[in-house]
Amino acid sequence: MKHWFVLSVLLAGAPAMATIKTKVFEYTHGDVVLQGYVAYEDGFKDKRPGILVVHEWWGHGPYARKRAEDLAKLGYTAFALDMYGKGIYAKNHEEAGQLAGAYFNDRTAMRERALAGLEKLKTMPYVDASQLAAIGYCFGGTSVLELARAGVDLKGVVSFHGALATPSPATEAPKARILVLHGADDPMVSPQVADFLAEMRRVKADWQFVQYGGAVHSFTVPDAGNDPGKGTAYDKNADQRSWRAMRGFFEEIFK
């Protein structure tokens, strides 16, 4: 009987499981119709920090939406933006390269399209517009770093295995604090590391750079497969460790 009493007391004092609400909606940038996805905890009364989520080079799809839901479970309002346009999602690597390449070759366009998503996030009634951050994966990681380089007023940005090179490096200290989560054996991005760190030091940015041993490109993406020899592969340890690093970073910047 004593054990049942203790258990009932513990359960009575435990918080109820949060219900996550999601919504798909359209927004625009110029004459381009985009489709975003917001995830947030249902029933709260206060405004929460808002996190912008920028997708990989495939486009706005299930992966970015799941990450938005994961962030909502942490108590944030997360908005997975759309960089390409409603319904545009690459069918193969060649098509993904063409879609992402248009923005890699035009960083102004990349920054402006990402900013359109950020402006939409700011207007949501359950978001504290003074407490904003952005995260991105691969192509999305590059995009959030471009926002930081442009001096966008964010508390912080987090790049997961994003490309680091840019034709438009920062000319002054970014307002956003920067966290880069990098696969130490990423054959595509590793050659860019030295120049990126030199850039961060030159402008006296507030930056952190974490490398995961044995991890290659796309280490957070289960669909990347399990063969590091191909240059892209999922790494469960690096995925979990990088997520914990992001959580600690957010606790710091939103305190």
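None of the values given here were measured: they were computed from a predicted structure. The first residue of the sequence shown is numbered 1, and numbering continues consecutively from there.
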Can [X] and [Y] be counted as an ion pair, charged N to O under 4.0 angstrom?
| X | Y | value |
| --- | --- | --- |
| Arg149 | Glu199 | yes |
| Glu252 | Arg177 | yes |
| Asp223 | Lys66 | no |

Side chain to side chain, [X] and [Y], heavy atoms closer than 4.5 Å:
| X | Y | result |
| --- | --- | --- |
| Leu154 | Leu118 | yes |
| Asp185 | Tyr212 | no |
| Ser159 | Leu181 | no |
| Val127 | Lys122 | no |
| Ile135 | Ile51 | yes |
| Leu71 | Val53 | yes |
| Arg111 | Ser168 | yes |
| Val144 | Val158 | no |

Enter the distance from [X]:[atom1] to [Y]:[atom2] here, rounded to the nearest 0.5 Å.
| X | Y | atom1 | atom2 | value |
| --- | --- | --- | --- | --- |
| Ile178 | Met200 | CD1 | CE | 4.5 Å |
| Arg247 | Ser242 | CZ | OG | 12.5 Å |
| Asp153 | Leu147 | CG | CG | 11.5 Å |
| Leu81 | Ser143 | CG | OG | 8.0 Å |

Does the gap between the ring centers of [X] and [Y] come in under 6.0 Å?
| X | Y | value |
| --- | --- | --- |
| Phe25 | Phe79 | yes |
| Tyr84 | His55 | yes |
| Phe139 | Phe104 | yes |
| Tyr76 | Phe254 | yes |

Working note: Glu69 + Thr22, criterion side chain to side chain donor-acceptor pair (under 3.5 Å); need CA distance, chi angles, decisive distance, verdict. CA-CA 8 Å; Glu69 293 166 9; Thr22 63; 5.2 Å; no
Those residues at least two apart in sequence (or on a different chain) that pass salt bridge (charged side-chain N to carboxylate O under 4.0 Å, His left out) with Lys86 are Glu26
Have a look at His29 and tell me which of Arg113, Lys120, Glu119 forms a side-chain hydrogen bond (donor to acceptor under 3.5 Å, both in side chains) with it. Arg113
Cation-pi check, Arg65 to Tyr63: give yes when NZ or CZ is under 6.0 Å from the six-membered ring centre and within 45° of the ring axis, no otherwise. no
Given the ring of Trp207, does Arg201 sit roughly above its face, with NZ or CZ under 6.0 Å from the centre of the six-membered ring and within 45° of the axis? no
Go through the steps for Asn226 and Tyr234 under the test side chain to side chain donor-acceptor pair (under 3.5 Å), then give the verdict. CA-CA 6 Å; Asn226 57 9; Tyr234 179 65; over 6 Å; no
[X] with [Y], same ILVMFWY side-chain cluster at under 4.5 Å:
| X | Y | answer |
| --- | --- | --- |
| Ile88 | Tyr103 | yes |
| Val38 | Ile20 | no |
| Leu99 | Val33 | no |

Within the side chain of Thr220, is there an N or O that forms a donor-acceptor pair under 3.5 Å with the backbone of Asp239? no
Tyr27 side chain vs Asp82 backbone, donor-acceptor pair below 3.5 Å: yes
Partner of Glu41 under salt bridge (Lys or Arg N to Asp or Glu O under 4.0 Å), picked from Lys21, Arg48, Lys47, is Arg48
Asp46 atom CG: more than 12 heavy-atom contacts under 6.0 Å: yes
